[in-house]
Asks: 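Pasting in a structure now, in structure tokens, and then I'll have a few things to ask.
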Amino acid sequence: MMINITFPDKSVKQFEAGVTPLEIARSISPRLADDVLAASINGEEWDLSRPVNGDAELKLFKWDDPEGKHAFWHSSAHLLAEALQILYPGVKFGIGPAIESGFYYDIDPGQHQLTSDDFKKIEDKMLELARNKEDIVRADISKADALKLFGDRGEEYKCELISELEDGHITTYTQGCFTDLCRGPHIPNTAPIKAVKITSLAGAYWRGDEKRNQLVRVYGITFPKKKMLDDYLALLEEAKKRDHRKLGKEMELFAFSQNVGAGLPLWLPKGAALRDRLEQFLRKIQKRYGYLQVITPHIGNKALYVTSGHYAKYGKDSFQPIHTPQEGEEYLLKPMNCPHHCEIFRALPRSYRDLPLRLAEFGTVYRYEQSGELHGLTRVRGFTQDDAHIYCAPDQIKDEFLKVMDIIFYIFKALKFDNFEAQISLRDPEHKEKYIGSDENWHLAEQAIIEACAEKGLNARTELGEAAFYGPKLDFMVKDAIGRRWQLGTIQVDYNLPERFQLEYTGADNQKHRPVMIHRAPFGSMERFVAVLLEHTAGKFPLWLTPEQAVVLPISEKFNDYAHQVAAALEEQDFRVEVDDRNEKIGRKIRDNELKRIPYLVIVGEKEQEAGEVSVRKQGEGDQGSMKIANFARLLAEEVKKSINQ
RNA sequence: GCCGCAAUAGCUCAGUCGGUAGAGCAUUUCAUUCGUAACGAAAAGGUCGUGGGUUCGAGUCCCACUCGCGGCUCCA
């Protein structure tokens, strides 16, 4: 019997029923057969060696396709497991999936104690097994047989997984002496795995549940070519150089002190000035969008958070209340600004004419994050949100969303964050009871978010069940130097707080109405934003933001006076300029200041002094020739203007 | 909070078998006064994260704590 195989370009070819994707690839070209790693049949992931029995749409995936890498790394995870089984008899296996870069396997090492010293041994064993060119063979298995197979081997974790699977849909994959419960797909043979690196060990709770056993997670990555591994390792080294913790120290932006406490950043003068410029930048846009700045205290009466519901939910795991000499009086360091802003809403009678009311504050908040979670400036215990709360009528939500998105896009564009991801978090439609607020309002808000994204042409991922209990949200995520995702901007609808704080406004109908609240923070927090910005720019901030815009370098000490005159003239126009009047040769000064990522170096010697000029050198681009001081100032001004006004 | 790993000069790091701590860069001083990515010489700089323990003797071995790193869990 012949079947029709449709290719992605819609062309159709006939093959014998039972043909495998690999055979199809070979019929096209031997080269393709060498390169192909996985396939899909009618959209379903499919092994290259798995027969196709009916008409189908076929896609073939190579290394450059995520699906190809995925199969390659998934098979590598099995290879890792096989090596571990041989090297450490008695280890029990959890799960071993492919991830964004590489793969891991969770194992219960039993009496063995794995350390990084074992990596080489594991890598060598994996390579040895790969060189055996073992076929990776898929098999259907009944639930009973699967339970017996893995039960006999004492694989308690696998048995738990099997017991939750539906009979008739269980498959195993075997290569060499290792058989794993697995849905696939896999590459057909271990041979293409030519380079192996075990990257790290970590603890991981079984099934992500902190109440259950902690397994050892072995991370690794593999490649079809040795050179690709070398390139990958070089890339990781490069990424480490742009780690914000390293750059922040080097550039004297922020510091931590054991004496102050973990997760409590100290902003050094240059960092504080940088942060201030970011705040001014945002303040200016927000003013344009009708925001009103407010200021609220760093602590609030415990009752405020009991009212908001936060105390019940987070009180135990937060910084504990501050006690006063007055018996029974308790205050909390504020973990968020919203309750304070709600009280500002309540401070005056509100009319529908006041809405939307947009209250903004750079509000510093304190959250007792778990010690193991602290991370540079991205996860801290005291941080400042670029917070604002918009109080509006339900039918104003969409319009307000659009406006907030405008602000976020403006900021991301000015700072060249072009690789952000957006996620719409909606409620779980199966469990509407978990959420507060009326069905009608939820529907309205969710539609408002979805429509706003569509109108802005924003390609956002939609996640059901990820909404906060009080409302749906839209988050913006940016990756750091080594690919970890951090949430920056966020826009959240909230039905809960207006209810709890009994917020009301008088409508055109002279009746009382409850406003909807929108929380939003385009940066997320100043700390996290600066961290991610550092990693994005590798410390080379745009001219308007950078701590030192230019450094004047006198050729010798004879020209120090002129250098200071030049600096003074530029400072007069509000540029941030320093003079490197150290007793060093010009080559040395250039090198040091280039390494400090100074955007413009201004070299002055006899020629410049006589002509009233400066010799300009641009970071990374070298000598730009000499010009009058005023012309250089104009050049700076134009560059600043261009990046801020876009 | 959990698992694993680490902590030595301002920074990056070496320190063997337990025997009184070392390099490069940065800093200071001297010399030099220089034209587009590192001139030279010298000096100074450390209770080896903190507290206990083992030992004749601890940077080194053991325990606890603190801080940090990689994950996990969490993230109002």
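Atom set for the values below is all heavy atoms of this structure, side chains included, hydrogens, waters and symmetry mates excluded. First the proteins, then the strands, lettered A, B, ... as listed; each starts at 1.
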Asks: Can you tell me how far P in C48(B) sits from the matching atom in U60(B), rounded to whole Å?
Replies: 9 Å

Asks: Donor-acceptor pair under 3.5 Å: do we get one between Arg379(A)'s side chain and the base of C75(B)?
Replies: yes

Asks: Taking only side-chain N and O atoms of His375(A), does any of them lie within less than 4.0 angstrom of OP1 or OP2 on G71(B)?
Replies: no

Asks: Between Gln385(A) and Ser525(A), do the side chains contain a donor N or O and an acceptor N or O under 3.5 Å apart?
Replies: no

Asks: Could you give the CD-to-C1' distance, from Gln423(A) to C75(B), as a whole number of Å?
Replies: 14 Å

Asks: Between Ser200(A) and Arg582(A), who's closer to the 5' end of RNA chain B by nearest nucleotide?
Replies: Arg582(A)

Asks: Any N or O donor-acceptor pair linking the side chain of Tyr205(A) to the base of G1(B) at under 3.5 Å?
Replies: yes

Asks: Write down the distance separating the P atoms in U16(B) and C61(B), rounded off to the nearest Å.
Replies: 9 Å

Asks: Roughly how many Å apart are C72(B) and G59(B), using the C1' atom of each and rounding to a whole number?
Replies: 33 Å

Asks: For Asp243(A) and G68(B), give me the distance from atom CG to atom P, rounded to whole Å.
Replies: 14 Å

Asks: Closer than 4.0 angstrom, basic N to acidic O: yes or no for Arg427(A) and Glu466(A)?
Replies: no

Asks: Taking atom P of G70(B) as reference, at what distance in whole Å does atom CG of Leu236(A) sit?
Replies: 12 Å

Asks: Rounded to the Å, how far apart are Glu369(A) CD and C72(B) P?
Replies: 16 Å

Asks: Under 5.5 Å between ring centres and under 30° between planes: true for Tyr219(A) and the base of G71(B)?
Replies: no

Asks: So what stems show up for RNA chain B if we need 3 or more Watson-Crick or G-U pairs in a row, all under 3.5 Å?
Replies: B:1-5 with B:68-72, B:10-13 with B:22-25, B:27-30 with B:40-43, B:49-53 with B:61-65

Asks: Round to the nearest Å and state the distance from Lys313(A) atom NZ to C75(B) atom C1'.
Replies: 11 Å

Asks: Within this structure, what is the CZ-to-P distance between Arg500(A) and A76(B), rounded to whole angstrom?
Replies: 16 Å

Asks: Given G1(B), is OP1 or OP2 found less than 4.0 Å from the side-chain N or O atoms of Ser371(A)?
Replies: yes

Asks: Return the 5'-most residue of the pair Arg207(A), Gly261(A) with respect to RNA chain B, ranking by each residue's nearest nucleotide.
Replies: Gly261(A)

Asks: Under 3.5 Å, is there a donor-acceptor pair between the Glu639(A) and Tyr600(A) side chains?
Replies: yes

Asks: Considering every strand and a 4.0 Å limit on heavy-atom distances, what is the contact class for His519(A): base, sugar-phosphate, or nothing?
Replies: nothing

Asks: Taking atom P in both G49(B) and A6(B), compute the distance separating them and give it to the nearest angstrom.
Replies: 14 Å

Asks: Would you mind telling me which of C72(B), A76(B), G68(B) lies closest to the side-chain atoms of Arg217(A)?
Replies: C72(B)

Asks: Heavy atoms only, 4.0 Å cut-off, all strands: where does Ala202(A) land among base, sugar-phosphate and nothing?
Replies: base

Asks: Leu201(A) CG to C72(B) P: how many Å, rounded?
Replies: 14 Å

Asks: Is Asp317(A) reaching over with its side chain to a backbone N or O of Tyr314(A), donor-acceptor style, under 3.5 angstrom?
Replies: no

Asks: Would you say the side chains of Tyr157(A) and Asp106(A) form a donor-acceptor pair under 3.5 Å?
Replies: no

Asks: Heavy atoms from C-beta onward define the side chain here; which of G68(B), U66(B), A76(B) lies closest to that of Gln258(A)?
Replies: U66(B)

Asks: What string of B, S and - do you get for nucleotides 34-48 of chain B 5' to 3' if you count protein non-hydrogen atoms under 4.0 Å?
Replies: BBBBBS---------

Asks: Starting from C1' on A76(B), measure out to CG on Asp387(A) and report it in whole angstrom.
Replies: 11 Å

Asks: Less than 3.5 Å apart, any donor N or O on the side chain of Asp581(A) or Asn560(A) sitting next to an acceptor on the other?
Replies: no

Asks: Between A21(B) and U8(B), how many Å separate the two C1' atoms, rounded to a whole number?
Replies: 8 Å

Asks: Using atom P in both nucleotides, what's the gap between A43(B) and G51(B) to the nearest angstrom?
Replies: 32 Å

Asks: Check whether the side chains of Glu361(A) and Thr296(A) place a donor and an acceptor atom closer than 3.5 Å, and report yes or no.
Replies: yes

Asks: Could you tell me whether Ser318(A) contacts a base, only the sugar-phosphate backbone, or nothing, with contacts defined as non-hydrogen atoms closer than 4.0 Å?
Replies: base

Asks: Are Ser76(A) and Thr222(A) linked by a side-chain donor-acceptor pair shorter than 3.5 Å?
Replies: yes

Asks: Please check if any side-chain donor atom of Ser425(A) sits under 3.5 Å from a side-chain acceptor atom of Gln423(A), or the reverse.
Replies: yes

Asks: Between the base of C2(B) and the side chain of Gln214(A), is one N or O donor paired with an acceptor at under 3.5 angstrom?
Replies: yes

Asks: Using the P atom on both, measure C13(B) against U54(B) and round to a whole Å.
Replies: 34 Å

Asks: For Leu497(A), does its backbone N or O pair with a side-chain atom of Asp494(A) as donor and acceptor, under 3.5 Å?
Replies: yes

Asks: Determine the interatomic distance between C1' on C11(B) and the same-named atom on C2(B); round to the nearest Å.
Replies: 33 Å

Asks: Would you find more than 12 non-hydrogen atoms of other residues, nucleotides or ligands less than 6.0 Å from Leu595(A) atom CG?
Replies: yes

Asks: Tell me, please, which residues at least two apart from Glu123(A) pass salt bridge (Lys or Arg N to Asp or Glu O under 4.0 Å).
Replies: none

